[in-house]
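Some notes on the structure that comes next.
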Number of protein chains: 2
Amino acid sequence: MDRIDRKYRILQAIIDDYILTALPVGSRTISRKYEQKLSSATIRNEMSDLEELGYLDSPHTSAGRVPSYKAYRLYVDQMLTPAPLSVEETAFINRCFERRIHQVEDLSTRIARSLSSLTHYTTAVMTRAPRSEQILSHLQMVPVSDRRVLLIVVTQGGSVRQTILELDAPIAPDELYTVSRFLSNQLEGCTLSELPAMLARLGGTQAQVDAVIRAMESKPEEEHSDVAALVVGGRSNLLSFPEYSDVDKAKALLSVLETKEKMVSLLSHDGEMEFSVRIGPETGMEETRGCSVVTASYRLSDGRVNTIGLIGPTRMQYGKVLLVLGQVGRSLTRLLDEQNGQR
Amino acid sequence: MDRIDRKYRILQAIIDDYILTALPVGSRTISRKYEQKLSSATIRNEMSDLEELGYLDSPHTSAGRVPSYKAYRLYVDQMLTPAPLSVEETAFINRCFERRIHQVEDLSTRIARSLSSLTHYTTAVMTRAPRSEQILSHLQMVPVSDRRVLLIVVTQGGSVRQTILELDAPIAPDELYTVSRFLSNQLEGCTLSELPAMLARLGGTQAQVDAVIRAMESKPEEEHSDVAALVVGGRSNLLSFPEYSDVDKAKALLSVLETKEKMVSLLSHDGEMEFSVRIGPETGMEETRGCSVVTASYRLSDGRVNTIGLIGPTRMQYGKVLLVLGQVGRSLTRLLDEQNGQR
DNA sequence: GATTAGCACTCAACCTTGACGAGTGCTAAC
DNA sequence: GTTAGCACTCGTCAAGGTTGAGTGCTAATC
């Protein structure tokens with residue numbers, strides 16, 4: 001099986017080189033840089049086979065070959081060379097998690113920023129809070145005007161959501177305080193999806209409580225209730241890649257980055273996988289043909305799911321990207337668990 | 001003064017045309033499209049004068065002329081033709097403010113989005129909350145772990161900030177509840193900048209209160225405490241302009257949009273002006289040479305300052321942009337005042 | 001005196017052409 | 001099975017020519 005082995009070694013060399021240069025790679029390049037024992041003619045024969053097998057495309061006669069999606073798939077699944085991160089890179093990542101996190105939303109921003117400056121790709125950090133699993137830890141109402149109330153819902157893990165409620169009748173600040181303490185005690189520990197049922201059971205106890213409950217029930221489900229936060233960083237990195245020197249392509253991609261729905265669908269994994277690599281057409285979106293999306297997801301102890309994703313051209317440095325994502329993911333879960341853990 | 005009048009009419013025509021086409025405009029174009037009474041030769045003479053006066057630049061011989069920054073300045077200050085917004089546009093703007101605002105931060109996002117789809121420029125919405133003027137309306141602490149507490153500060157107007165405090169000693173949830181009610185009552189109505197002084201005066205009343213106060217004092221000032229939120233929309237619009245078909249320029253500009261500090265300095269007015277138009281070098285930033293920034297600022301009743309800004313090439317549709325900004329600004333202040341007003 | 005027509009001149013944009021080089025496929029020799 | 005050699009393809013680049021839009025100047029006209 002030395003035969004087959006060599007074929008794939010050559011394919012790997014081609015992919016490696018193309019990832020580095022973004023230029024179609026020719027037989028001579030491989031012969032000189034990667035397989036010095038073999039002449040370019042031999043490589044040529046092998047490349048011809050590889051093209052037949054569907055791993056290589058030729059943009060036209062005499063322009064070298066370019067890896068196909070199938071090749072990248074194989075590369076990611078079986079050929080990744082796990083060259084470890086440099087000391088500087090590891091240090092850089094650790095430094096991001098050193099400082100204390102005071103503002104909750106700052107963390108995502110900081111991760112997005114450092115990931116994109118580390119990898120030179122575009123980064124998205126999404127925190128998804130499935131309604132059904134979020135456990136209410138505290139609830140508080142604050143008067144804004146005489147019929148308007150700011151409802152603050154804190155879930156286990158310390159994430160905060162706020163909504164404005166409209167009451168039928170005015171309510172005095174002090175009463176509101178009592179009501180909100182009552183409700184908070186009653187509802188603590190139930191999941192957000194149980195809320196409507198719980199509220200219904202509480203009904204009829206007290207006029208003020210009733211009023212608040214009515215307001216909470218009338219509150220329309222927010223469309224994006226599922227997605228707590230989406231932060232995108234390193235957009236300008238996109239324009240460094242020669243594949244986006246075509247302004248129209250770049251524009252289409254930028255526009256995807258601006259559409260929350262599209263980003264959510266790009267970043268969402270199926271199943272429980274930690275990592276997901278989607279290559280070119282596997283992203284399932286016309287605008288991202290030619291892109292790859294690598295994501296890592298972590299389930300936090302409060303039920304929220306954190307997804308970190310990188311978007312770049314298909315000739316992505318998959319090895320490095322996966323290592324970096326793994327490292328960041330580990331640090332992140334450690335940090336968050338440490339923060340919630342000793343509860 | 002018919003002489004001078006005609007000169008400026010021609011200048012205006014040149015600017016109008018250049019804003020529309022982004023192409024250097026020649027004497028013939030003006031003669032045909034704008035001043036049919038005059039021959040191209042006459043226009044040529046006038047244009048030669050205008051160049052001498054510093055209002056026009058010629059990229060090279062025989063390429064038509066391009067307005068200088070000085071010309072845009074004059075144009076904005078004195079030549080704006082206030083063609084009113086179309087019915088569709090007004091309706092579009094109004095529609096953005098129709099729906100109820102439940103999520104507070106959604107409003108900025110929605111404004112940014114609609115402004116950029118209306119004008120095709122890039123939009124930034126910044127809410128600046130000067131510490132000194134924000135009045136505390138409510139304070140609430142929620143246990144996260146046994147020594148960690150989520151401090152929620154609500155200011156008048158309904159904006160919410162949260163910070164995690166680290167306590168020296170554990171505190172029971174019920175005690176925390178009492179302490180936070182006590183503090184909330186004590187501190188209500190004072191401005192955020194008065195907080196340290198107020199806290200100092202309260203010291204020594206009670207062991208638990210003391211502990212909380214110590215934690216609040218140790219909380220480092222967040223660097224961006226001044227800027228509550230910055231939302232940018234319509235980035236992809238940038239790439240539609242021929243001036244950014246040069247990828248490097250586009251990249252530099254995108255990168256400015258990603259740097260919070262730079263955006264804050266771009267969006268900050270001096271003084272109390274409602275509108276500000278900064279043209280090319282007036283933006284005071286190397287990367288935005290060739291751009292104009294138009295901003296509108298509104299002081300909200302709770303002391304926060306809301307700034308809406310548009311960024312685009314210097315040949316911006318100033319007239320339209322100012323009208324749109326005005327309209328949006330008016331709707332926005334009305335909405336916000338309505339929301340806080342009847343307190 | 002202001003306006004216009006005419007003309008020479010300039011210069012970017014565009015197209016064509018030809019040389020160059022990188023790459024392939026095939027064949028024959030090792 | 002591997003390699004050397006050769007003919008062929010095709011994109012890239014630079015050089016040269018053409019075109020067209022635009023200017024400045026001058027002389028004629030209103």
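What's counted below: heavy atoms across the whole structure, side chains too, no hydrogens, waters or symmetry copies. Here is how names work: the chains are called A, B, and so on, in the same order as the sequence lines, proteins then strands, and each is numbered from 1.
Ranking C:dC11, D:dA4, D:dG5 by closeness to the A:R44 side chain, first place goes to D:dG5.
Taking atom CG of residue A:D49 and atom P of nucleotide D:dG1, one finds them 11 Å apart after rounding to whole Å. Put simply, CG on B:L23 is 12 Å from C1' on C:dA12, counting in whole angstrom units. As rounded to whole Å, 14 Å separates atom C1' of D:dT2 from atom CD of A:E35. Nucleotide C:dG23 holds its P atom 13 Å from the CD1 atom of A:I43, rounded to whole Å. Atom-to-atom, CG of B:N45 to C1' of C:dT4 comes out at 10 Å; the value is rounded to the nearest Å. With rounding to whole Å, B:D17 atom CG is found 15 Å from D:dA21 atom P. Distance, A:M47 CE to C:dG23 C1': 9 Å, rounded to whole Å. In this entry the distance linking CZ of B:R28 with P of C:dG6 reads 13 Å, nearest Å.
Under 4.0 angstrom from either OP1 or OP2 of D:dG22 there lies at least one side-chain N or O belonging to B:T29. For the OP1/OP2 pair of D:dT2 and a distance below 4.0 Å, the side-chain nitrogens and oxygens of A:R6 include at least one atom meeting the criterion. Dashed line: the shortest gap from a side-chain N or O of A:S62 to OP1 or OP2 of D:dC10 is not under 4.0 Å. Between A:T42 and D:dT3 there is a side-chain polar atom (N or O) within less than 4.0 angstrom of OP1 or OP2. Using a 4.0 Å cut-off, some side-chain N or O of A:R65 falls inside it from OP1 or OP2 of C:dG25. In terms of phosphate contacts, A:T61 brings a side-chain nitrogen or oxygen within less than 4.0 Å of OP1 or OP2 of D:dC10.
Within 4.0 Å of B:S31, counting heavy atoms only, lies no atom of the nucleic acid at all. Using a 4.0 Å heavy-atom distance criterion, A:S58 is classed as making no nucleic acid contact.
Screening A:K7, A:R65, A:R44 for a salt bridge (charged side-chain N to carboxylate O under 4.0 Å, His left out) involving A:D49 leaves a single residue, A:K7. Each of A:L238, A:V321, A:I311 was scored for a side chain to side chain contact (heavy atoms under 4.5 Å, CB included) with A:Y121, with one residue passing: A:V321.
Within 6.0 Å of atom CZ in A:R113, 12 or fewer heavy atoms from other residues, nucleotides or ligands are found, so the atom counts as exposed in its surroundings. Environment of NZ in A:K70: crowded, with over 12 heavy atoms of neighbouring residues, nucleotides or ligands closer than 6.0 Å.
Residues B:E51 and B:S58 are in side-chain contact: their nearest non-hydrogen atoms beyond the backbone lie under 4.5 Å apart.
Comparing B:H60 and B:A41 by the nucleotide of DNA chain C that holds the closest heavy atom to each, the one mapping nearer the 5' end is B:A41.
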